[in-house]
Amino acid sequence: MKLVVTSWNVNSIRMRLDHVTRFLTDQRPDVLCLQETKCPDDRFPSAAFKALGYHHMAINGQKGYHGVAVLSRLPFTSTNVMGFCDKNDSRHIAVTLGTGAKAAAGVTIHNFYVPAGGDIPDPALNPRFAHKLAFLDELMQWQDRAKPTASPSILLGDLNIAPYEADVWNHKALLNVVSHTPIETARLEEFRQTSGFVDAIRQLRPIPEKVFTWWSYRSPDWAAADKGRRLDHVWVAPALASSVTDSSISRETRGWERPSDHVPVSITLDL
DNA sequence: ATGTCTCTAGCATAGAGA
């Protein structure tokens, strides 16, 4: 069977409901993982997704900020939420697909929204950047404790870091810009390599191809200027790496009316 | 360099965060 999994930071699920239903109708991924839903759980627009065949949902939202959710056509056997940095932020939810998911049964998907980190790339001056770095440290501790790649797992989401030179429009211009500073790119790469996760997008689109998933709202000519960054990622455990047969960056959604600043990132697994 | 979008509080608009 083919399993299509998508990650999308929608910047408010209620403002973007028409975009999400359009994407689900057009692309029909099996699983859609959302970040920045900015929506309390009791106000999550579940009915619209159920009407499209996405009967299985896992939601970890809060009022105003952050928030993650998983919409799925395949059933879960379990869901799990982790907290980080002693905050109540909604930045993670995991689901494990159940036997009803056939060949995908047992696959765990971790959906993350890593802190953006503010503007000043100095943890001594900027508590938001300190929080981002501490979050990455806790991710490192988590992989050491939980060994997520020992099972068939996927880690995806808005990691708010563009780790490689080919992940930004201008490497040198962004070296001191939060999302591409050496301290955070090194920390993310150390986490990925130690955990063993494989960057599924880069496996299919190797460096030096430029790959972007985010374009700032402040760039009115975003498509022509193309000053993007790859902030959204899909990683797979080594046991799944050879099953990844395709990837898709749905850049067209950035051109829709009143878009998110992030676009959907998808992989196809042949299981 | 600080342009745009979305949220909350609270009722018009300012501040925070991304």
Side-chain angles (χ1 to χ4, degrees), chain A residues 7-23 33-45 48 59-69 84-85 87-92 111-123 125-136 156-163 167-181 183-185 188 212-233 250-265:
Chain A
S7 175
W8 193 5
N9 177 323
V10 291
N11 185 18
S12 170
I13 187 61
R14 287 173 287 180
M15 290 298 295
R16 227 63 64 200
L17 184 56
D18 288 352
H19 285 202
V20 176
T21 56
R22 178 177 174 184
F23 178 79
C33 296
L34 304 168
Q35 303 91 34
E36 276 207 273
T37 53
K38 297 185 175 179
C39 181
D41 292 353
D42 61 3
R43 301 194 56 187
F44 193 85
I59 306 166
N60 177 21
Q62 66 183 86
K63 187 168 75 171
Y65 304 101
H66 322 315
V68 290
F84 290 84
C85 303
K87 294 176 182 282
N88 289 323
D89 291 354
S90 296
R91 296 185 178 275
H92 167 266
N111 178 16
F112 279 100
Y113 176 54
V114 171
D119 290 330
I120 302 167
D122 182 341
L125 298 176
N126 174 10
R128 303 193 178 285
F129 195 62
H131 176 214
K132 185 178 200 175
L133 297 178
F135 194 99
L136 294 169
L156 55 72
D158 177 7
L159 306 186
N160 265 315
I161 295 172
D167 294 336
V168 294
W169 66 279
N170 185 325
H171 168 64
K172 287 183 180 173
L174 290 173
L175 273 172
N176 204 34
V177 173
V178 170
S179 73
H180 194 60
T181 64
I183 186 172
E184 50 188 319
T185 59
L188 184 69
F212 306 145
T213 67
W214 174 90
W215 293 262
S216 172
Y217 282 129
R218 298 181 189 181
S219 195
D221 56 344
W222 71 272
D226 201 23
K227 294 181 175 179
R229 305 176 200 169
R230 189 172 72 110
L231 303 180
D232 304 274
H233 300 271
S250 300
R251 183 183 168 116
E252 70 279 4
T253 65
R254 186 64 177 78
W256 292 352
E257 192 176 352
R258 285 154 54 93
S260 171
D261 44 355
H262 296 252
V263 303
V265 180

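With a 6.0 Å cutoff to the six-membered ring centre and a 45° limit on the axis angle, A/R22 counts as a cation-pi contact of A/W256.
In this structure, A/E257 atom CD and B/dC5 atom C1' are separated by 14 Å, rounded to whole Å.
Residue pairs satisfying the salt bridge (Lys or Arg N to Asp or Glu O under 4.0 Å) criterion with at least one member in residues 33-45 of chain A, sequence neighbours excluded, are listed as follows: A/E36-A/K38.
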Base versus backbone protein contacts along nucleotides 7-18 of chain B [heavy-atom cut-off under 4.0 Å; B, S, -]: SSS-------SB
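For the P atoms, the distance linking B/dG17 with B/dA12 amounts to 25 Å, nearest Å. The separation of B/dG10 from B/dT6, taken at their P atoms, amounts to 23 Å, rounded to a whole angstrom.
By the salt bridge (charged side-chain N to carboxylate O under 4.0 Å, His left out) test, A/K227 pairs with no residue at all, sequence neighbours left out. In terms of the salt bridge (charged side-chain N to carboxylate O under 4.0 Å, His left out) criterion, A/D261 has no residue partners (sequence neighbours excluded). Residues passing the ring-ring contact (aromatic ring centres under 6.0 Å, His included) test with A/H66, sequence neighbours excluded: A/Y113.
Of all non-hydrogen atoms in A/G117 and A/N126, the two that sit nearest each other are O-ND2, 3.0 Å.
Side-chain atoms of A/S260 come within 3.5 Å of backbone N or O of A/N9 as a donor-acceptor pair.
Contact annotation: A/R16 side-chain N/O to B/dT6 OP1/OP2 distance is under 4.0 Å.
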Should A/R91 and A/D89 be marked as a salt bridge (charged side-chain N to carboxylate O under 4.0 Å, His left out) after you check the CA-CA gap, both sets of side-chain angles, and the distance that decides it? CA-CA 6 Å; A/R91 296 185 178 275; A/D89 291 354; 3.1 Å; yes
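Contacts between residues 219-232 of chain A and DNA chain B, defined by a heavy-atom separation below 4.0 Å, involve no residue at all.
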